[in-house]
Amino acid sequence: MPDAHPIADFGAAVAEVVRSIPPAHAMTYGDVAAVLGSRASRAVGRVLAFEGADLPWWRVVRAGGWFPTGHEQRALEHHRAEGTPLVEGTAGWRVDLRRARWSPDVEDAS
DNA sequence: AAGTTGACTTTCG
DNA sequence: TCGAAAGCCAACT
């Protein structure tokens, strides 16, 4: 698996996974953590808060498809622009994980 | 070295 | 079905 930069930190691994998410798709924090072999969903959020400046963090959502706390509006704008399947709920808009959920190990086998 | 925090998840009431 | 509590992992103090 060719990678331009050395990956040795949890944050770097999270960054790679998030970047591997194609448009119109999304993953949950738990899924990303599972890909890394851990359940550190919280640590994933922490990484996105720091590295997310250059990452499509809006493609990573909470369990159920809702956007991260405090960034719902920001993520919503991105998803509307990307064309991610959204569903309207009483609490607002959420990602339709039934269609948008995606795993990096399915198509990105390199 | 030990305790607290956090862009979370899951289970029990 | 909805709400609160405990659980987990990694980073920071």
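The chains referred to below are lettered A, B, ... by the order of the sequence lines, with proteins before strands, and numbering in each begins at 1.
- A/R39 has its CZ atom 10 Å from the P atom of B/dT11, to the nearest Å.
- For B/dA1, there is no paired nucleotide, since no Watson-Crick or G-U wobble pair has both relevant distances below 3.5 Å.
- When heavy atoms are screened at a 4.0 angstrom cut-off, A/G30 is found touching the sugar-phosphate backbone but no base atom.
- Salt-bridge formation is not detected for the pair A/E16/A/R19: no Lys NZ or Arg NE/NH1/NH2 atom is positioned less than 4.0 Å from an Asp or Glu carboxylate oxygen.
- Residue contacts for A/A49: at a heavy-atom cut-off of 4.0 Å it reaches a base atom on one of the strands shown.
- The CG atom of A/L76 sits 20 Å away from the P atom of B/dA7 (whole-angstrom rounding).
- Under the salt bridge (charged side-chain N to carboxylate O under 4.0 Å, His left out) criterion, A/R99 pairs with no residue, sequence neighbours left out.
- Formation of a donor-acceptor pair under 3.5 Å by the A/H79 side chain with backbone atoms of A/V95 is not found in this model.
- Relative orientation of the A/H71 and A/W57 rings is perpendicular, given thresholds of 30° and 60° on the angle between their planes.
- Here A/R62 lies in heavy-atom contact (under 4.0 Å) with sugar-phosphate atoms only.
- For the P atom pair drawn from B/dT4 and C/dA6, the interatomic distance equals 15 Å after rounding to whole Å.
- Side-chain atoms of A/R59 come within 3.5 Å of backbone N or O of A/I21 as a donor-acceptor pair.
- Here the range on DNA chain C touched by chain A, meaning any atom under 4.0 Å from one of its heavy atoms, is C/dG7 to C/dA11.
- A/D31 and A/R101 are joined by a salt bridge, as a carboxylate oxygen and a charged side-chain nitrogen come within less than 4.0 angstrom of each other.
- Rounded to whole Å, the distance from CD on A/Q73 to P on B/dA7 is 19 Å.
- Atom NE2 of A/H71 and atom P of B/dG6 are 13 Å apart (whole Å).
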